[in-house]
Amino acid sequence: MSTPPATSTAVVSRQGGRSTVRATFEARLEGLEAKLLQMGQIVQTQLTRTLEALASGDLALADEVIVRDDALDRTYVEVEQEILRTLALQAPVARDLRLVAAVLHVNSHLERMGDLCVNMAKFVRITVEYPPVPAIQATLAEMGAHAQKLIAAAMTAFARRDAALAGTLPRLDEPLDRLNQQIFRMIEQTGDDRALEWASRMILVARYLERLGDHSVDIGEQVGFIVTGEVREFLPPKAARG
Amino acid sequence: MSEGPAGVRGAAPAGRPARRSVLPRRLSSRLFASHLLLAAVALALGAFLSRSPSWRIGVIAAAIVLAGLLSGATARSLTAPIARLARSVRRMTNGEPAVEPARPEPLELAELAAALNATAEQLRTRVAEIAGERDRAAQILAALENGVLVLDARGGLGYANPPARAWFGLAEFEPGMPAQRVLGVLDITRLAKQAIATSRRASGQVTLVFPEHRTLAVRVTPLSGRDGSAGALVTLVDLTSRRRLEVLRRDFVANASHELKTPVAAIRVLAESLDDALDDEDPDTARRFVGRIGEEAERLGRLVKDLLDLSKVERGTLAVEPVDMVALVKDVTGRSARQAAERGLDLRTGLQPGVSMRGDRAQLALLVSNLVDNAIQYTQPGGRVTVELRAQDAGGVRIVVADTGMGIPSNELPRVFERFYRIDKARDRQTGGTGLGLAIVRHVAESHGGRVTVDSELGRGSTFTVTLPASPPVPAPAT
């Protein structure tokens, strides 16, 4: 990709009614977005592995998640630098500006989601010697499946600029909140001390999964922003989020 | 004037050269006739009036005027039909069915019109053929079980067939938008670009989470158009069910051998211990080992019986006869009553009198007993198991077995009818379940043309509902 001169935002030459500056800019935005989608995919893989490691107590897999977070962080920095460069050199306006701003937001959401996966992966080592409570484990797996779907839906909505799909995210997020509450109740009923030791850690895992859902809903809000230009918080059906 | 015939000649259909000699002769003969007439008139008048010079000038002038008028008329008689023909050809390109036939007078033009009509007819047939082929191609693509995508060289998505749309949850999209943006997946674009760059096939796998969990095999074939444009044809095969079956088959073999091995190993160890106990002349210990060997043998027997039952119901042959369902359910629950009482469970029945159906008595008994045993097994002491039998309004039978047991997590629900699938393997080994009971239930229900569903809430209990038609479909599905 050739970098256009920094001072020139005027039309240099026209090709089929479209300036080369514009074409370069669009290519740049496309590259930026591809990188962001890649971030989204890394996060999804990280979550899948984290859930597998938690279910099976696979320490090697958990370590892999922790190590792979570096790749995510690197991509995060790359995307951010590319955004700053774009803002400085191209001075985008209107929808382009909204897109760049949204990419900036989504990028940091994804980075934090990656961190949440690492936090969960670290619990595998701590909890592996305690007996798991099958019912809680099953509920966590269910939460994990919901979180996976939510992240995928958020990234799809972003890629397609599908504000309608983005608008359905709070509804998809609802089961996560509900299951999170359910885990609390289950832990109250856990009598065995050693199981309680395990379960108390799982409160945090449930909390992180629920946070993943919230981040996904926030990504959905950015989709709404790109399309409509309005910053509006997607409110859950019952105002009990956060 | 001489250009007219030349033009017509040029437009004559290729492959019919005979026309070339015919057309100019006819036109030239007509021109020849008019000029001959003109000359004759002029000469006759000239000869008659040539004595006076002033008259002579008048005659020549009159002859010129007359010649001009005649020429004009000739020209009009030729150009007017040509112009008319041109107009109707123009109308034809705008979609009118045929060139209006020229009047019979200028024969050549009538022939031209006929030739044009033939050409137009041929074109129409070709266009219809091409449109038909296109429609057929579209129908084929739509009817394919596999997904098909077409990408351009820049990675823009040009086409997605219905299965691909369904898998990616795609309604409408603007053709040419970057595929990764439309699909929300990067790998397909990456593979397509690789295939286009290397002009070689590329393949890989993509896992989707949204809108459904799905594993797709991706195969990309580079395309090159006649005009030098490049692109990629992407075919997608859904591996989700195939992979699940594969896992199931592998699990079945592994599980069956494992389940069989465990009691055998236990019996072997216990037999050695019994031998030692006999050497030590310790009859109490020996008796305990004999008891344990009996238990293990019983477990082994149960497993073999379930495996045999399963293979029997899976063979798919039904011995259909009228079955008194009330008696059948009573018989099964009667046999389970002792087991329920031992576990401190309240086993109740609610049977609508006179309910009967046609079916395989032995298999139906197997269905009910497996459901009841399952409910008893997963319900803690003090709980309740109820068996209900009702005739359905639309004909057929409904059997509902409900328990107040531990319940099934909702993400496990779709899998409980799989062979050897157990939610908690460690616990099941203690309770003596084989993991085959519900697989048998589903098989019997389906081979009778019915179905089984389950509702469950963790900690509250599970309800299994079997609906069966009044008689199994004929012939019974050989599944």
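Basis for what follows: all heavy atoms, side chains included, without hydrogens, waters or symmetry-related copies. Naming: A, B, ... by sequence-line order, numbering from 1 per chain.
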Review point. Between A/S56 and A/D58, do the side chains contain an N or O donor and an N or O acceptor separated by less than 3.5 Å?
Key: no
Practice item. May I ask you to say whether B/D403 pairs ionically with B/R384, meaning some side-chain N is under 4.0 Å from a carboxylate O? Key: no
Check your understanding: Between A/E210 and A/R207, does at least one N-O distance fall below 4.0 Å, as a salt bridge requires?
Key -> yes
Practice item. Of all the heavy-atom pairs spanning B/N146 and B/L236, show the shortest one and how long it is. Key: CB-O, 3.2 Å
Exercise for review: Output yes when A/E129 and A/R194 qualify as a salt bridge under the 4.0 Å nitrogen-oxygen rule, no when they do not.
Suggested key: no
Check your understanding: Could you walk me through whether A/F25 and A/T86 pass the side-chain contact (heavy atoms from CB on, under 4.5 Å) check?
Key -> CA-CA 8 Å; A/F25 175 61; A/T86 307; 3.7 Å; yes
**Study point:** Contact origin within A/T139 toward chain B - heavy atom pairs under 4.5 Å
**Key:** side chain
Practice item. Kindly give the heavy-atom pair with the smallest separation between A/S216 and A/A154, and that separation in Å. Key: O-CB, 3.5 Å
**Study point:** Those residues of residues 184-201 of chain B, ordered by number, that approach chain A below 4.5 Å (heavy atom to heavy atom)
**Key:** B/G184, B/V185, B/L186, B/D187
Review point. Taking atom CG of A/L196 and atom CE of A/M202, what is their separation to the nearest 0.5 Å?
Key: 12.0 Å
Point to revise | Under 4.5 Å from any heavy atom of chain B - which part of A/A145 | key: neither
Check your understanding: Between A/F158 and A/R161, is there a cation-pi geometry (under 6.0 Å to ring centre, at most 45° from the normal)?
Key -> yes
Check your understanding: Is it the backbone or the side chain of B/L183 that comes under 4.5 Å from a heavy atom of chain A, or both, or neither?
Key -> backbone
Review point. Given that the side chain runs from C-beta out, which part of A/I151 has a heavy atom under 4.5 Å from chain B: side chain, backbone, both or neither?
Key: neither
**Study point:** side chain to side chain donor-acceptor pair (under 3.5 Å) assessment of A/Q148 paired with A/T48
**Key:** CA-CA 8 Å; A/Q148 276 178 311; A/T48 306; 2.9 Å; yes
Point to revise | Within residues 36-43 of chain A, residues adjacent to chain B where the heavy-atom gap is under 4.5 Å | key: A/L37, A/Q38, A/Q41
Exercise for review: Decide, yes or no, whether a salt bridge links A/K35 with A/E82 under the criterion of side-chain N to carboxylate O below 4.0 Å.
Suggested key: no
Exercise for review: Verify the neighbour count for atom CZ of A/R201: are there more than 12 heavy atoms of other residues, nucleotides or ligands below 6.0 Å?
Suggested key: yes
Check your understanding: B/F173 versus chain A, heavy atoms under 4.5 Å apart: side chain, backbone, both or neither?
Key -> neither
